[in-house]
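Contents: one structure, followed by commentary.
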Amino acid sequence: MFGCLVAGRLVQTAAQQVAEDKFVFDLPDYESINHVVVFMLGTIPFPEGMGGSVYFSYPDSSGMPVWQLLGFVTNGKPSAIFKISGLKSGEGSQHPFGAMNIVRTPSVAQIGISVELLDSLAQQTPVGNAAVSSVDSFTQFTQKMLDNFYNFASSFAVSQAQMTPSPSEMFIPANVVLKWYENFQRRLAQNPLFWKT
C-alpha cells in the first residue's frame, strides 16, 4: 500500500504492519538522512474519507522513541517529501503508535503511517520544519538574490563625467538595471513561479 524512499537507497515497499491501520518502515543509519519520500503504491487506495498521517520516530538518548508528525498522504495527494534532518533534536508530539510493541534497534529510526479519517488529518499540525521547499522560502531567496545583485551592480556606478572611455568594455546604464530589478520584483509578486513558463 505504501512506499518509502531515501536518496541513495533502495525503495522500500514492504512496510511492517503493526496494527490493522498502522504501518512502519525502518530507516537504518537515520543520522545521514536529510529527506524522506512517502508515497502510495497505487495498488490499494485509501477507503473513502480516509488518509494516512505520516510520523517520524527516532530513539532519544535513553533509547525511547520520539515520534513527530510530518504530514499526510491521501488518494488526492498520494506522495509527499519531508525534511527530517532538523527533527532529530526536537520534541515529540502526540501520536497513535504509543501502546504498540514495535521492535526498535539503536541508530534505526522509523516512518510510521496511521490510517485515519480525513477530518482528523485536517485538524493535525505537523512539526514546522518538516516541510520541504515552499514558495515563500523560494520567494525570499529570490528577493535576497535580487537585492544583492542590485546592490553589487550599483556599487560600481559612476557618473558619465567619471567614465574613462574604453572601447573594449560595455557599460549598462544603472537605470536599466533598476528597471529590470523592479520588473522582476513585480512579476515575482504576481506569480512566484513565472520563470518556469
Side-chain angles (χ1 to χ4, degrees), residues 1-30 32-59 65-88 90-105 108-141 190-197:
M1 184 168 186
F2 303 107
C4 179
L5 176 64
V6 173
R9 300 185 184 187
L10 294 173
V11 175
Q12 295 185 50
T13 57
Q16 177 186 357
Q17 189 167 0
V18 295
E20 183 180 338
D21 58 352
K22 307 216 178 353
F23 305 84
V24 296
F25 289 102
D26 287 339
L27 298 177
D29 301 319
Y30 71 93
S32 65
I33 299 173
N34 290 320
H35 297 82
V36 64
V37 179
V38 175
F39 56 95
M40 296 176 62
L41 296 176
T43 54
I44 303 172
F46 284 109
E48 189 67 33
M50 304 294 279
S53 57
V54 179
Y55 291 85
F56 172 62
S57 169
Y58 63 94
V66 177
W67 289 91
Q68 296 176 323
L69 177 64
L70 299 177
F72 60 90
V73 290
T74 64
N75 291 336
K77 182 186 170 236
S79 65
I81 303 171
F82 303 107
K83 180 178 179 184
I84 62 171
S85 58
L87 303 180
K88 297 158 193 149
E91 294 288 320
S93 61
Q94 189 173 3
H95 61 87
F97 296 93
M100 297 180 195
N101 291 325
I102 301 172
V103 178
R104 307 244 2 144
T105 311
V108 174
Q110 291 181 316
I111 292 293
I113 303 167
S114 175
V115 179
E116 301 174 15
L117 291 169
L118 289 177
D119 292 340
S120 173
L121 294 178
Q123 296 173 9
Q124 297 174 356
T125 306
V127 64
N129 49 349
V132 179
S133 60
S134 67
V135 170
D136 290 339
S137 65
F138 173 76
T139 303
Q140 185 178 13
F141 165 76
Q190 291 173 348
N191 177 9
L193 301 176
F194 80 93
W195 54 271
K196 286 188 168 184
T197 59

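Below, each value reflects all heavy atoms present in this structure, side chains not excepted, and no hydrogens, waters or symmetry copies.
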Report summary line: In short, Pro65 meets Ser57 closest at the heavy-atom pair CB-OG, 3.5 Å
Report task. Please assess Phe56 against Leu27 for the test side chain to side chain contact (heavy atoms under 4.5 Å, CB included), listing each intermediate value before the final yes or no. Result -> CA-CA 10 Å; Phe56 172 62; Leu27 298 177; 4.2 Å; yes
Query - Stepwise side chain to side chain contact (heavy atoms under 4.5 Å, CB included) check, Leu117 with Met50 - result: CA-CA 4 Å; Leu117 291 169; Met50 304 294 279; 3.4 Å; yes
**Report entry** Nearest-0.5 Å distance that lies between atom CD1 in Ile33 and atom NE2 in His35
**Finding:** 11.5 Å
Under 3.5 Å, which donor-acceptor pairs do the side chains of residues 2-9 form with other protein atoms, sequence neighbours left out?
unit_1	atom_1	unit_2	atom_2	d
Arg9	NH1	Pro28	O	2.7
Arg9	NH2	Pro28	O	3.2
Arg9	NH2	Asp29	O	3.2
Arg9	NH2	Ser32	OG	3.3

Report summary line: Closest non-hydrogen atoms of Met40 and Pro45, given as atom of the first, atom of the second and distance, are CE-CA, 3.9 Å
Report task. Using a cut-off of 6.0 Å, state whether more than 12 heavy atoms not belonging to Glu48 lie near its atom CD. Result -> no
Report task. Using the test side-chain hydrogen bond (donor to acceptor under 3.5 Å, both in side chains), find all partners of Gln17 that sit at least two apart in sequence or belong to another chain. Result -> none
Using residues 75-82 as the side-chain source, report each donor-acceptor pair under 3.5 Å to any protein atom, sequence neighbours left out, with the distance given to one decimal.
unit_1	atom_1	unit_2	atom_2	d
Asn75	OD1	Phe46	N	2.8
Asn75	ND2	Phe46	O	3.0
Lys77	NZ	Phe72	O	3.1

**Report entry** Ser120 versus Gln124, closest heavy-atom pair with distance
**Finding:** O-CG, 3.3 Å
Requested in this report: Quick one: do Tyr55 and Ile111 satisfy side chain to side chain contact (heavy atoms under 4.5 Å, CB included)? Show the steps, please.
Outcome: CA-CA 6 Å; Tyr55 291 85; Ile111 292 293; over 6 Å; no
Query - Steps toward side chain to side chain contact (heavy atoms under 4.5 Å, CB included) verdict (Val11, Phe39) - result: CA-CA 11 Å; Val11 175; Phe39 56 95; 3.7 Å; yes
**Report entry** From CG (Leu70) to CD1 (Ile84), nearest 0.5 Å
**Finding:** 7.5 Å
Query raised in the report: Can you tell if the side chain of Tyr30 reaches within under 4.5 Å of the side chain of Gln110, non-hydrogen atoms only?
Result: no
